[in-house]
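Report on the structure given below.
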Amino acid sequence: QLPSDWIENGSESIGYRDGVSDDSNSLGVRLCQLALVAGSTVLIVLTFPLSVWLCVRVVQQYERAVIYRFGRVRGARGPGLYFVHALIDSVHVMDLRTVTFNIPPQEILTRDSVTISVDAVVYYRIFDPVKSSVVVCDVHRATRLMAQTTLRNTLGTKSLHEILSEKSAIALAMQDSLDAATDPWGVERVEVRDARLPVLMQRAMAVEAEAQREANASVIAAEGELTAALTLREAAAVIGRTPMGARLRYLQTLGAIAVEKQSTVLFLMPLQLMLDKKACQAVEGHADGG
C-alpha cells in the first residue's frame with residue numbers, strides 16, 4: 001500500500017502532503033525546474049520538426065504511459081498520442097492486459113504431515129499503472145513470488161483430504177490473500193491446477209483404501225447375518241405356536257425343491273416309525289387270520 005504521506009488524485013498525480021519536508025518545493029528548486037522546462041521548450045521549438053519524433057509518442061489501447069518529470073510522477077497518459085519533453089521527462093509504459101503464468105511445482109508439507117507437490121495457475125492484470133510503477137520495482141516478478149508464497153502458506157494449513165477435495169475453496173482463499181497483498185496492481189484469478197503425491201504415498205493410500213473397503217464389507221455382512229438371525233428366531237417362534245406349522249413349512253420346502261425336476265429328494269424317516277408300522281401290520285394280519 002502507499003505510505004501515509006502520499007496522496008492520490010485519481011491516476012493523474014501522486015505527491016507529498018503538506019507539512020512533510022520536500023526539497024523540491026523550495027523556491028530555488030522550483031525556479032530551476034521552470035528554467036529547465038523553458039530551455040527544453042525553446043530547444044524543441046528550434047529543432048522543429050525533428051524534435052517531433054522525440055516528443056510525440058504513441059501508446060496502444062492496452063497500455064498506459066506513466067510520465068516522470070524531474071523524478072516526480074506527472075500521471076498516466078494514453079491510449080493514443082501524447083506529448084513529452086524528451087530532455088526532462090522519462091516514460092514507463094505499463095501493459096494492462098491480463099497476464100497468465102504457471103506457479104512452479106511446490107513441495108508442501110500438509111497439516112497431517114504429508115509431502116505433496118502442487119502447482120497452480122495465476123491470472124492477474126494491472127488496474128492502476130501509476131501505483132504499479134511507483135510502489136513496486138518489478139510488478140510481474142513481485143506477483144509471481146507473492147503467488148508462490150501464498151500457495152505454500154495456504155496449503156500448509158490444509159490436510160491432504162482438504163487439498164484433494166476442496167480445490168475451489170482453496171483457490172478463493174488464495175485469491176483473497178493475493179488481492180489484499182497486491183492491491184496496487186490487482187490479482188484477477190487464481191486456480192489450483194493439480195496436486196501430485198509421491199509414488200510411495202499413492203501406494204500407501206491405495207492399501208489403506210482397500211483395507212477400509214474390506215472392513216466396511218465385513219461390517220455390512222455381519223449386520224446382515226444379525227438381521228437374518230433375528231428374523232429366523234421370530235419365524236421359529238411363530239411356527240412353534242401352531243402344531244401343524246412345522247409340517248406345512250416342510251411341505252412348502254418340498255414344493256420349492258420340486259420345481260427343479262432334475263433334483264433328487266431324499267426323505268429321512270425315523271427307524272422306530274418303520275418298526276411301529278410293521279408291528280401294526282403283523283397285528284392286523286394275525287387278527288384277520290384268527
Side-chain angles (χ1 to χ4, degrees), residues 1-101 122-147 149 178-189:
Q1 302 291 336
L2 288 174
S4 59
D5 56 347
W6 291 67
I7 61 172
E8 175 188 1
N9 297 324
S11 60
E12 295 298 325
S13 63
I14 295 180
Y16 284 102
R17 288 181 177 174
D18 296 337
V20 179
S21 177
D22 187 1
D23 293 338
S24 62
N25 291 328
S26 63
L27 180 59
V29 173
R30 289 185 178 181
L31 292 177
C32 182
Q33 291 177 355
L34 291 175
L36 290 175
V37 172
S40 176
T41 303
V42 171
L43 185 61
I44 291 173
V45 173
L46 293 177
T47 58
F48 186 83
L50 297 178
S51 59
V52 174
W53 300 103
L54 297 177
C55 298
V56 177
R57 301 184 183 181
V58 179
V59 289
Q60 304 297 331
Q61 180 68 36
Y62 52 84
E63 294 177 333
R64 296 295 183 272
V66 181
I67 301 176
Y68 293 84
R69 176 169 296 179
F70 303 118
R72 296 176 62 88
V73 177
R74 290 183 55 83
R77 299 291 185 270
L81 293 172
Y82 66 96
F83 179 84
V84 295
H85 284 263
L87 299 179
I88 59 177
D89 290 345
S90 60
V91 179
H92 187 193
V93 179
M94 304 299 298
D95 195 329
L96 303 185
R97 291 176 294 182
T98 299
V99 180
T100 304
F101 71 92
V122 176
Y123 306 84
Y124 74 93
R125 68 185 183 91
I126 295 174
F127 292 109
D128 192 330
V130 175
K131 287 184 179 180
S132 61
S133 177
V134 174
V135 176
V136 63
C137 178
D138 188 342
V139 60
H140 301 291
R141 182 172 182 271
T143 302
R144 287 175 170 82
L145 295 178
M146 182 63 69
T149 303
L178 286 174
D179 280 337
T182 61
D183 183 68
W185 57 89
V187 172
E188 190 174 57
R189 182 183 175 191

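Residues: numbered from 1 along the sequence shown. Just so you know, these numbers use all the heavy atoms, side chains as well, and skip hydrogens, waters and symmetry mates.
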Do you know which two heavy atoms are closest between [X] and [Y], and how far apart they sit?
X      : Y     : answer
Val130 : Gly75 : CG2-C, 4.3 Å
Tyr82  : Ile67 : CD1-CD1, 4.0 Å
Val91  : Ala65 : CG1-CB, 3.7 Å
Thr47  : Leu43 : OG1-O, 2.8 Å

What is the distance from atom [atom1] of [X] to atom [atom2] of [Y], rounded to the nearest 0.5 Å?
X      : Y      : atom1 : atom2 : result
Ile126 : Thr143 : CD1   : OG1   : 7.5 Å
Leu81  : Arg57  : CG    : CZ    : 12.5 Å
Thr41  : Ile88  : OG1   : CD1   : 6.5 Å
His85  : Arg74  : NE2   : CZ    : 7.5 Å
Gln60  : Leu96  : CD    : CG    : 12.0 Å
Leu145 : His140 : CG    : NE2   : 13.0 Å

Is any side-chain heavy atom of Arg77 closer than 4.5 Å to a side-chain heavy atom of Phe83?
no

Any Val59 side-chain heavy atom under 4.5 Å of Arg64 side chain
no

Test side chain to side chain donor-acceptor pair (under 3.5 Å) applied to Tyr68 - qualifying residues, sequence neighbours left out
Ser133

Can you list the steps and then say if Leu178 with Tyr124 is a side chain to side chain contact (heavy atoms under 4.5 Å, CB included)?
CA-CA 10 Å; Leu178 286 174; Tyr124 74 93; over 6 Å; no

